[in-house]
There are 2 protein chains.
Amino acid sequence: MTASMKDVAALAAVSIGTVSNVLNNPQMVSPKTRDRVEQAIAQLGFIPNAPARQLRAGRSKVIGLVVPDIANPFFTEVARGVEDAAMEAGFVVILCNSDEQAAREDRYLRVLESQRVGAILITPARKGIKPLQRLIANGTAVALLDHEGGTRDACSVSVDDALGGQLAASHLIGLGHRSIAWLAGPPDIPQVADRQAGILRATEEHSVLLERIVAGQMTASAGDAAVDAALARGMTPSAMVCANDLLAIGAMRALMRAGMRIPQDVSIVGYDDIDFAASAAVPLTSVRQPKYELGFAAAQLVISEFEDRRAHAHQRVRFQPQIVVRESTGSVA
Amino acid sequence: MTASMKDVAALAAVSIGTVSNVLNNPQMVSPKTRDRVEQAIAQLGFIPNAPARQLRAGRSKVIGLVVPDIANPFFTEVARGVEDAAMEAGFVVILCNSDEQAAREDRYLRVLESQRVGAILITPARKGIKPLQRLIANGTAVALLDHEGGTRDACSVSVDDALGGQLAASHLIGLGHRSIAWLAGPPDIPQVADRQAGILRATEEHSVLLERIVAGQMTASAGDAAVDAALARGMTPSAMVCANDLLAIGAMRALMRAGMRIPQDVSIVGYDDIDFAASAAVPLTSVRQPKYELGFAAAQLVISEFEDRRAHAHQRVRFQPQIVVRESTGSVA
DNA sequence: CTGAAAGCGCTAACAA
DNA sequence: TTGTTAGCGCTTTCAG
């Protein structure tokens, strides 16, 4: 059905090897025959068979992108960055949602290995990256996304989460708050742990009391439920730092339902500064991360590693977060 | 580096064809040798080479997903649905953002054809689906996503946009509004046109005045700017229907900046009911579409077409939207 | 039930 | 500059 190089060669009355050269090394084919071949290509609407090429090459210009959940606006933006960088370099992106589950992640890693993808960008579901070692050993370019990895075997691109936590806490402390709640997500998520470390650093330095609430997931409804429960336990902080904006929005809902005003009764700081932070019920003060840039940079990194393995040195890129002050935070009453 | 079927065959002391059978037709291999082969597979950590398989098969268990922009929350949810359905069936998803640009779309379609993907899910950037005909002719399972296509050559999965528009307008008319503004997006987007048709049907039926504002894109900032301009022109509707929630949020911003209260001065209806609609500055009344289900159903459709071409009949699936009333709409003053 | 061999479409030596 | 050819790893006849 579809035309192959053989058909093109026949039509142009050249050998199949010449057609290959027209495609990959045009300069080593005489202009005359090149023209003839290109005309045949156009006439037949020939489109190269990528799997065949990949079979020869052993790997492909495909980037496997493994994120916890593309529906999380943070990763949506990251994915856009990845996709744009990939597109520019002629790569294609396979999207994988791990849902933070090791089993799902493993399954995808296996699929990606089976596809012989050239590169993998991953936000690992767990601490170690053992399942990745094998890929790396096989020559796949791997970079850790939004994750502090060692420079050992792979690049990593992340945002300084400890600094972000510190920024959030310092902002509140500067406003006079002495009793702060930290609405954390699952403690085994490294980003959560790092943000917490930054917050602790700031609160301890100023001898501020920090209470901890743990939400089961990083979603608005989980935040809502967790704060609801904390309120029921009698917790009454004057300010709250949330592990991400979704949690913050959920927290806001719970707080308002309980009759508290924001920021008069409770100040709230989110994390991520997703698009909607500015449009929330009370415009949300949040820690902004360069999401798109993160994805873009990560993709460029693995692409360059793919292009030239020996010239590549693993690096650890770290973006700086930034606090965006809006109306959800105010001076302590 | 990586183990191949040849290595497995050698280790298990069988022929390579037998290994293939263990993988694809286990029942036609004696339990004894099957065990031996499986052990060898495990021992070598063998993972099949998908490109090689695809080369033989001529196509692959890959779904190309072409959407205007994954960063649009509507398509984010759709993508999750696609991904989950794909994963279940052992398919993998290649993500493509067309940005509504025909050139980008064409480029991606070419890439997907080159990859010999088994199926394509696409929200076409333009009316026609000419560029798809070739793919379809070559045996690729194609389905139109969020798009009213004919049943001719491909399945389509969409939400009844005309009904959605009607629902939105009727809701406002029921609240007593007689002067409604329609904040449209680019008129060449079919969904926009259909929603508009539904609104017109409702307004004409009740002899309600409809003013039209056009935003250049379906984003919050475009909505903000468009409404800003309309206000400057002296437009003063008592209610507004927006082509999607992002536009509605932008409109809300512009309106509030101009000192108008929602819904006391202006009622607003959005479209899509994205997650944040409920958490917007004023919780947004919106037309909800079953986004995840849309993606899931679309993926299942092309997968079934892929699995059994002759048993497949193209169909047109249509989901029904539903209006979710929140606080951004109220009776006319 | 198992082995041998052809060939999917392409690239990369190597010859001519 | 162009043609020829040997595989890349796998599935699929066809023999045995």
Side-chain angles (χ1 to χ4, degrees), chain A residues 1-38 40-41 44-62 90 110-111 113-118 138-139, chain B residues 1-38 40-41 44-62 90 110-111 113-118 138-139:
Chain A
M1 196 85 245
T2 314
S4 76
M5 278 182 40
K6 200 157 71 174
D7 304 317
V8 174
L11 181 59
V14 296
S15 85
I16 160 175
T18 299
V19 176
S20 173
N21 278 331
V22 171
L23 258 35
N24 305 307
N25 308 83
Q27 81 293 350
M28 67 160 45
V29 177
S30 82
K32 216 180 63 185
T33 49
R34 199 195 309 155
D35 267 12
R36 204 142 37 87
V37 171
E38 275 163 354
I41 288 178
L44 293 172
F46 165 75
I47 292 196
N49 184 313
R53 184 180 298 200
Q54 289 159 19
L55 174 57
R56 282 247 36 170
R59 59 191 193 149
S60 56
K61 292 182 106 175
V62 176
R110 200 178 312 276
V111 172
E113 181 171 358
S114 172
Q115 294 288 340
R116 301 298 193 263
V117 298
N138 286 337
Chain B
M1 195 87 246
T2 314
S4 76
M5 278 181 41
K6 200 158 69 174
D7 304 316
V8 175
L11 182 58
V14 296
S15 83
I16 161 178
T18 300
V19 177
S20 172
N21 278 331
V22 171
L23 260 34
N24 306 306
N25 309 82
Q27 80 295 347
M28 67 161 45
V29 178
S30 82
K32 215 179 63 184
T33 50
R34 199 196 307 155
D35 267 11
R36 205 141 37 86
V37 171
E38 274 163 354
I41 288 178
L44 293 172
F46 165 75
I47 294 197
N49 184 314
R53 183 181 299 202
Q54 289 159 20
L55 174 56
R56 283 247 33 168
R59 58 186 196 156
S60 56
K61 291 181 108 177
V62 176
R110 199 177 315 274
V111 172
E113 182 170 358
S114 172
Q115 294 288 341
R116 303 298 194 262
V117 299
N138 286 338

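What's counted below: heavy atoms across the whole structure, side chains too, no hydrogens, waters or symmetry copies. Every chain is numbered from 1 and lettered A, B, ... according to where its sequence line falls, protein lines coming before strand lines. None of these values were measured; they are calculated from a predicted model.
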- Message: Within the 4.0 Å heavy-atom criterion, would you say B:Pro48 contacts the bases, only the backbone, or no part of the nucleic acid?
- Response: sugar-phosphate

- Task: Return the value, rounded to whole Å, for the distance between atom CD1 of B:Ile41 and atom P of D:dG9.
- Result: 16 Å

- Task: Give, for atom CZ of A:Arg34 and atom CE of A:Met28, the distance between the pair rounded to the nearest 0.5 Å.
- Result: 11.5 Å

- Reported CZ-to-CG distance for the pair B:Arg53 and B:Asn24, which is rounded to 0.5 angstrom: 5.5 Å

- Mind calculating the distance between CE (A:Met28) and P (C:dT11) to the nearest angstrom? 13 Å

- Report yes if a side-chain nitrogen or oxygen of A:Ser30 is closer than 4.0 Å to either non-bridging phosphate oxygen (OP1 or OP2) of D:dT2; otherwise report no. yes

- Note on the structure: Rounded to the nearest 0.5 angstrom, the CD-CD distance for A:Gln115 and B:Gln54 is 5.0 Å

- Message: What is the distance, to the nearest angstrom, from the CG atom on B:Leu44 to the C1' atom on D:dG9?
- Response: 15 Å

- Message: Keeping B:Ser114 on the side-chain end and A:Pro48 on the backbone end, is there a donor-acceptor pair under 3.5 Å?
- Response: yes

- Query: 5'-most contact on DNA chain C: A:Ala50 or B:Gln27, nearest heavy atom basis?
  - Reply: B:Gln27

- Message: I need the CG-C1' distance between B:Asp7 and D:dC8, as an integer number of Å.
- Response: 13 Å

- Message: Please encode protein proximity along nucleotides 11-16 of chain D as a string of B, S and -, counting only heavy-atom distances under 4.0 Å.
- Response: BB----

- Distance (rounded to the nearest 0.5 Å) between B:Asn49 CG and A:Leu55 CG: 6.0 Å

- Task: Let me know the distance between CG of B:Asn138 and P of C:dG9, rounded to the nearest Å.
- Result: 12 Å

- Item | Between P of D:dA6 and CG of A:Leu55, the distance in whole Å | 17 Å

- Would B:Leu23 and B:Phe46 satisfy side chain to side chain contact (heavy atoms under 4.5 Å, CB included), going step by step from the backbone distance to the final call? CA-CA 11 Å; B:Leu23 260 34; B:Phe46 165 75; 3.8 Å; yes

- Task: Rounded to the nearest angstrom, tell me the gap between atom CZ in B:Arg59 and atom P in D:dC10.
- Result: 20 Å

- Note on the structure: In short, the helix from C:dC1-D:dG16 to C:dA16-D:dT1 is bent end to end, axes from five pairs each side, to 10°, by 40°

- Check the pair B:Met5, B:Val37 against side chain to side chain contact (heavy atoms under 4.5 Å, CB included), reporting the backbone distance first and the verdict last. CA-CA 10 Å; B:Met5 278 181 41; B:Val37 171; over 6 Å; no

- Item | Comparing B:Phe46 and A:Ser15 on DNA chain D - which has the more 5′ nearest nucleotide | A:Ser15

- Note on the structure: Rounded to the nearest 0.5 angstrom, the CZ-CG distance for B:Arg116 and B:Asn138 is 7.5 Å

- Round to a whole Å and report the spacing from CG of A:Asn49 to C1' of C:dG9. 5 Å

- Are the side chain of B:Asp35 and the backbone N or O of B:Lys32 linked by a donor-acceptor pair below 3.5 Å? no

- Query: Would you say a side-chain N or O of B:Ser4 is under 4.0 Å from OP1 or OP2 of D:dG9?
  - Reply: no

